[in-house]
Amino acid sequence: MTGRSLALGLVGHPVHHSLSPRLQQACAASLGIRLSYDLFDVPPASLGRWFEGPARALDGFNVTAPHKADVARRVEALGPEAARLGAVNTVVREAGRWVGHNTDLFGFVQLLGGAPRGPALVLGAGGAARAAVAGLADQGFEVQVTARTPDRAERLLARLGVPGAVVALAGVEAALSRCVVVVDAIGPPGAAWVVALPWARLPAEGRVLCLAYGDGARPVVEAVRAAGRGAADGRAMLAWQGIEALRHWTGRRADAQVALAAVGLDEDRRAPTAREV
């Protein structure tokens, strides 16, 4: 697929803030690959029309909230990670059919870096939480999930086959006191609640990972750091999942330094841990 200019893009709602165009253009240029990468802001009610219309002009595309689970049901085949999570963030046209992959899991594990193993708490049980719960379990963490609707947290753990615990909202403050990692998978709509948590109760070595970045993560990151604890936004995760997405489209892997620099992280870091950011 590298001999001509590729037509790629990102579908989600909203997408105006995305760093994916900058990331993919930089990675492609470093490999001598020509591509266009457009943003498609598509509300949920319009996804079917987009999928059967404008998407057909693309060689592949990324998927972000709130469409990852819906796209997983629309593609004609699923890669192993996408099938496991029931969510797609990368779609490739292969032999005339759409194949869905998930590179979020790989990206999240890189975001974890060298975080010490122990109790971890995931805030949220929506689509963004799936890669976090699976990744934490795969890496040997004690997984806990909290959500405004406990049934959603229970269904998430059951869907992934992870033997984790559901923490009621009233128990989150107590849970913080023993966590080595907290993952904010709620995003901007729930940011006010997350910002207000008593982050000083987190152990000194505890770290907070926000899956969002930019304005979506800034209030939480600032609140955590104001409490004297470490926090990282989701840019490293974006960079690593983007490297894997480009590999699915082209068969070639961009250098991590190029990807991390494209999203504003220091070029001499390969996989920044929460301790470093």
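Predicted model, so just to flag it, every value in this text is computed and none were measured. Values below: all heavy atoms of this structure, side chains included; hydrogens, waters and symmetry mates excluded.
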Legend entry - Nearest-0.5 Å distance that lies between atom OG in Ser30 and atom CZ in Arg252: 8.0 Å

Inset, instruction - Check the pair Met237, Tyr213 against side chain to side chain contact (heavy atoms under 4.5 Å, CB included), reporting the backbone distance first and the verdict last. - result: CA-CA 10 Å; Met237 178 175 171; Tyr213 57 84; over 6 Å; no

Legend entry - Residues forming a salt bridge (Lys or Arg N to Asp or Glu O under 4.0 Å) with Arg247, sequence neighbours excluded: Glu244

Legend entry - Least distance between heavy atoms, Gly214 atom then Asp233 atom: N-OD2, 4.3 Å

Legend entry - Pairs touching residues 125-140 that satisfy side chain to side chain donor-acceptor pair (under 3.5 Å), sequence neighbours left out: Arg84-Asp138, Arg117-Gln139

Inset, instruction - Please examine the side chains of Ser36 and Leu6, heavy atoms only from C-beta on, and report whether any two atoms are closer than 4.5 Å. - result: no

Inset, instruction - For Leu202 and Cys179, run side chain to side chain contact (heavy atoms under 4.5 Å, CB included): C-alpha distance rounded to whole Å, both residues' side-chain angles, the deciding distance at 0.1 Å, then the answer. - result: CA-CA 7 Å; Leu202 196 67; Cys179 285; 4.1 Å; yes

Inset, instruction - Quick one: do Val99 and His101 satisfy side chain to side chain contact (heavy atoms under 4.5 Å, CB included)? Show the steps, please. - result: CA-CA 7 Å; Val99 179; His101 298 277; 3.6 Å; yes

Inset, instruction - For the pair Arg22 (side chain) and Val263 (backbone), establish whether a donor and an acceptor sit closer than 3.5 Å, ignoring hydrogens and angles. - result: no

Inset, instruction - Say whether, by atom type as modelled, one donor and one acceptor occur between the side chain of Asn102 and the main chain of Glu81 under 3.5 angstrom. - result: no

Legend entry - Backbone of Phe106 reached by a side-chain donor or acceptor of Gln241 within 3.5 Å: no

Legend entry - Listed once per pair and sorted, the ring-ring contact (aromatic ring centres under 6.0 Å, His included) pairs that draw on residues 126-148, sequence neighbours left out: none

Inset, instruction - Check whether any side-chain heavy atom of Cys27 lies under 4.5 Å from a side-chain heavy atom of Leu23, and answer yes or no. - result: yes

Legend entry - Connected hydrophobic set around Val71, excluding itself, where side chains approach under 4.5 Å: Val11, Phe40, Val42, Leu47, Trp50, Phe51, Leu58, Phe61, Val63, Val75, Leu78, Val88, Val91, Trp98

Inset, instruction - Please examine the side chains of Ser20 and Leu238, heavy atoms only from C-beta on, and report whether any two atoms are closer than 4.5 Å. - result: yes

Inset, instruction - Of all the heavy-atom pairs spanning Arg201 and Ala174, show the shortest one and how long it is. - result: NH2-CA, 4.2 Å

Legend entry - Gap separating the CG atom of Asp255 from the CG atom of Leu31, nearest 0.5 angstrom: 9.0 Å

Legend entry - Test item: Leu123 and Leu197 side chains (from C-beta on) under 4.5 Å apart, heavy atoms: yes

Legend entry - Cluster link Val221 to Leu19, ILVMFWY, side chain under 4.5 Å: no

Legend entry - Considering all heavy atoms, the nearest Gly12-Thr64 contact: CA-CG2, 3.6 Å

Legend entry - Pairwise side-chain contact, Val167 with Val145, heavy-atom cut-off 4.5 Å (strictly under): no

Legend entry - Distance-only donor-acceptor check, side chains Thr149 and Arg152, under 3.5 Å: no

Legend entry - Qualifying side chain to side chain donor-acceptor pair (under 3.5 Å) pairs with a residue from residues 165-179, counting only residues at least two apart or across chains: Glu142-Arg178

Inset, instruction - State, with a plain yes or no, whether a side-chain heavy atom of Ile186 is found less than 4.5 Å away from one of Trp193. - result: yes

Legend entry - Residue pairs, two or more places apart or on separate chains, that pass side chain to side chain donor-acceptor pair (under 3.5 Å) and touch residues 156-171: none

Inset, instruction - Mind checking the CG-CD spacing from Leu35 to Gln25? Nearest 0.5 Å is all I need. - result: 5.0 Å

Legend entry - Val166-Leu156 co-clustered via ILVMFWY side chain contacts under 4.5 Å: yes

Inset, instruction - Calculate, to the nearest 0.5 Å, the distance between atoms CD and CZ belonging to Glu76 and Arg93 respectively. - result: 9.0 Å

Legend entry - Sidechain-backbone polar pair: Arg207 side chain, Ala115 backbone, donor-acceptor under 3.5 Å: no

Inset, instruction - Could you tell me which non-hydrogen atom of Pro54 sits nearest to which non-hydrogen atom of Arg49, and how far apart they are? - result: CD-O, 3.8 Å

Inset, instruction - For residues Leu39 and Pro21, determine if any side-chain heavy atom of one lies less than 4.5 Å from a side-chain heavy atom of the other. - result: yes

Inset, instruction - Identify the heavy atoms of Pro66 and His13 that sit nearest to each other, and give their distance. - result: CD-O, 3.5 Å

Inset, instruction - Examine the side chains of Asn62 and Asn89 and answer whether a donor and an acceptor come within less than 3.5 Å of each other. - result: no

Inset, instruction - Mind running side chain to side chain contact (heavy atoms under 4.5 Å, CB included) on Lys68 and Asp104 for me, showing each step along the way? - result: CA-CA 11 Å; Lys68 294 181 181 183; Asp104 285 337; 2.5 Å; yes

Inset, instruction - List the atom of Ala185, the atom of Ala128, and the distance in Å for their closest heavy-atom pair. - result: O-CB, 3.8 Å

Inset, instruction - Supply the atom-to-atom distance Arg155 CZ to Leu160 CG, rounded to the nearest 0.5 angstrom. - result: 13.0 Å

Inset, instruction - Taking the side chain as every heavy atom from C-beta outward, state whether Asp38 and Leu8 have any pair of such atoms under 4.5 Å apart. - result: no

Inset, instruction - Decide whether Val92 and Leu10 are clustered together by the hydrophobic rule: side chain heavy atoms of Ile, Leu, Val, Met, Phe, Trp, Tyr closer than 4.5 Å, transitively. - result: yes

